[in-house]
Every structure is written in structure tokens, then in C-alpha cells.
Amino acid sequence: MYNSIQDKTQENLKQIDKNETKKKIRILLADDHKLIRVGLKSLFTKHEDMAVVSEAENGKDAVEKIKAQHPDVAILDLVLGDISGIDVVKRVAGENTNTKIVILTSHIKDSDVTESLKAGVNAYVLKDINSETLVMIVRTISEGAMWIDPKAVSVLRSANTNGVIPQKTTSRASFKAQHSNLTEREYEVLKLVVDGKSNLEIAKILNISEHTSKAHVCNIIQKLVVDDRTQAAVKAIKEGLV
């Protein structure tokens, strides 16, 4: 009797452990520098909701592991020795892996940003990012969000006429109807945010104080229900405001 209860208890504990594992964000790391992979693994394993389930030192290996293991998030360098991170994204497209892709790179060339987004990446992140911000990005894109490094927003704005981010066919009037809680001044500020202007630059352009400029940006972020100014800019582009 005692053994039976003990066995059932152990079975229940195993089931709990299994369920907890399922809740973790399963991450694949692909970088041709082992030191980078070690650092990223150390970062993510500190968080209970994340698990690094696989590593790849080149692009072809990353493709095979994404197809076979279906991680929740794959973090790829642009330069992987054999094929690029963008090529990895293209090769796994249509495989029904549901894997969200993060490009983590030191490169910010216009072509790198635009080709990555056209290939279907969910986040474009520069390697000088704060570690906890990277953790936040992984969490948010695993839930379906998109994240673009603020330094790449100007590239995004100038390139979007070529369809880098799929746009809804909405007019400014339609956007205003959907977000009628934005004031005319906030629309002006939002346009400048999309252009990559800082709070100080916005203040100078609109002849307002930097404090007022910052307040407008905060209001826009709240009203568009996004997390930061970058996401506000991306949403504005998607919705056809610019």
C-alpha cells in the first residue's frame, strides 16, 4: 500500500516536472562563435521560463535542427560560416515549425535589415543590446509580437515603400478612425517617431519642450497598446499611416 502511494506520488511529480518543462520557451542558438553561444546559454538558463534545447555552429546545422526539433525561438547570427542567417530563415519557411526567428547581429546595413524582414524574421536585434532586454524580446516574440532594434527604424521607414513590412491598405483617415483617441499633435509626433527622431529632435522640430515631447510619446505608446516607441513606429507603418 505504502509503495503504491509512493509510486503514484513519484508519477505525479514527474507529470508536474513534465508540465513545467512544456511551459518553458524552447530556444535554439546558432552562432559560429562558441563563446557567444556559451554567453547566451548562460543568460537564458538563469530564467525559469526558458530552456536552451539546441545549439548550432553553422547555418545548415541550424536548418536541420529547426526542422527536426521545432524550437519556440531560434536566435541566429547573420554570419554563420556556410550560409547566412537569412538563408536559414528561407530554408525553414513553410515547414510549419512555428519557430519564431531572432536575428542577433552586429550588422545594420540597409540590405541586411530589409532582407531579414522580407524573409520573415520576427525580431532584428543588434548585439550591443542589454541582456535583460534580449530576454524580454524572446518572451514577447514567442507570444507573436515583432521587435525591431531602434537603430534600424530609419532603415525600416525608408525601405517600406518596397513592402518590407506588409501593410494593410488603410488610409490615414482609416487609421484615425481606428485610433481616434490620438490627438492631432500626437499624430505629428508619431510621424517623427517613425522617422527615427529622438525626443529632443521632436521637441526642436515642433517647437515644444523635450518634457512635452516625451509625454506625447508615452501617450502614443499607451494609446496604440504597444510596449515602446519602436513598436509604435512598426504599427504605424503596418497600418498605413506613413
Enter the distance from [X]:[atom1] to [Y]:[atom2] here, rounded to the nearest 0.5 Å.
{"X": "Asn98", "Y": "His70", "atom1": "CG", "atom2": "NE2", "answer": "8.5 Å"}
{"X": "Leu76", "Y": "Leu104", "atom1": "CG", "atom2": "CG", "answer": "9.5 Å"}
{"X": "Cys218", "Y": "Arg229", "atom1": "SG", "atom2": "CZ", "answer": "9.0 Å"}
{"X": "Thr212", "Y": "Asn207", "atom1": "OG1", "atom2": "CG", "answer": "11.0 Å"}
{"X": "Asp61", "Y": "Glu55", "atom1": "CG", "atom2": "CD", "answer": "10.0 Å"}
{"X": "Leu80", "Y": "His33", "atom1": "CG", "atom2": "NE2", "answer": "10.5 Å"}

Could you check whether any side-chain N or O of [X] sits under 3.5 Å from a backbone N or O of [Y], counting only pairs where one atom can act as donor and the other as acceptor?
{"X": "Asp112", "Y": "Leu78", "result": "no"}
{"X": "Asn122", "Y": "Ile101", "result": "yes"}
{"X": "Asp31", "Y": "Arg37", "result": "no"}
{"X": "Asp228", "Y": "Gln231", "result": "yes"}
{"X": "Arg26", "Y": "Gln69", "result": "yes"}
{"X": "Ser42", "Y": "Val38", "result": "no"}

If you take all heavy atoms of [X] and [Y], which pair is closest and at what distance?
{"X": "Asp82", "Y": "Lys60", "answer": "OD2-N, 3.2 Å"}
{"X": "Ile86", "Y": "Ala119", "answer": "CG2-CB, 4.0 Å"}
{"X": "Leu126", "Y": "His107", "answer": "CD2-O, 3.5 Å"}
{"X": "Ile141", "Y": "Lys100", "answer": "O-CG, 3.3 Å"}
{"X": "Val88", "Y": "Ala62", "answer": "CG1-CB, 4.3 Å"}
{"X": "Lys24", "Y": "Ala51", "answer": "CD-CB, 3.8 Å"}

Please evaluate residues Asp149 and Val113 with respect to the criterion side-chain contact (heavy atoms from CB on, under 4.5 Å), reporting the C-alpha separation (whole Å), side-chain torsions for both, the decisive distance (0.1 Å), and the verdict. CA-CA 10 Å; Asp149 195 288; Val113 177; over 6 Å; no
Transitive ILVMFWY side-chain link Val73 to Val53, under 4.5 Å: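 Different clusters.
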Flag yes if Ile205 and Leu200 sit in one hydrophobic cluster, no otherwise; membership is Ile, Leu, Val, Met, Phe, Trp, Tyr, and two members link when side-chain heavy atoms are under 4.5 Å apart.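 As far as the 4.5 Å side-chain criterion goes, Leu200 and Ile205 are not connected within one cluster.
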Under 4.5 Å between any side-chain heavy atoms of [X] and [Y], yes or no?
{"X": "His216", "Y": "Ile202", "value": "no"}
{"X": "Leu224", "Y": "Leu190", "value": "yes"}
{"X": "Lys46", "Y": "Val135", "value": "no"}

Inspect the surroundings of [atom1] in [X] and state if more than 12 heavy atoms from other residues, nucleotides or ligands are less than 6.0 Å away.
{"X": "Lys204", "atom1": "NZ", "answer": "no"}
{"X": "His47", "atom1": "NE2", "answer": "yes"}
{"X": "Lys197", "atom1": "NZ", "answer": "no"}

Step-by-step side-chain contact (heavy atoms from CB on, under 4.5 Å) determination, Val234 to Trp147: CA-CA 8 Å; Val234 171; Trp147 198 93; over 6 Å; no
So, Lys67 and Glu64, do they make that salt bridge, N to O below 4.0 Å?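 Salt bridge between Lys67 and Glu64, a charged N being under 4.0 Å from a carboxylate O: no.
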Test side-chain contact (heavy atoms from CB on, under 4.5 Å) applied to Val125 and Ile137, step by step: CA-CA 9 Å; Val125 186; Ile137 292 167; 4.0 Å; yes
Val194/Lys191 under side-chain contact (heavy atoms from CB on, under 4.5 Å): CA gap, chis, key distance, verdict: CA-CA 5 Å; Val194 170; Lys191 284 183 178 180; 5.7 Å; no
With Thr99, which of Leu28, Asp72, Ile66, Ile27 fulfils side chain to side chain contact (heavy atoms under 4.5 Å, CB included)?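 Answer after filtering Leu28, Asp72, Ile66, Ile27: Ile66.
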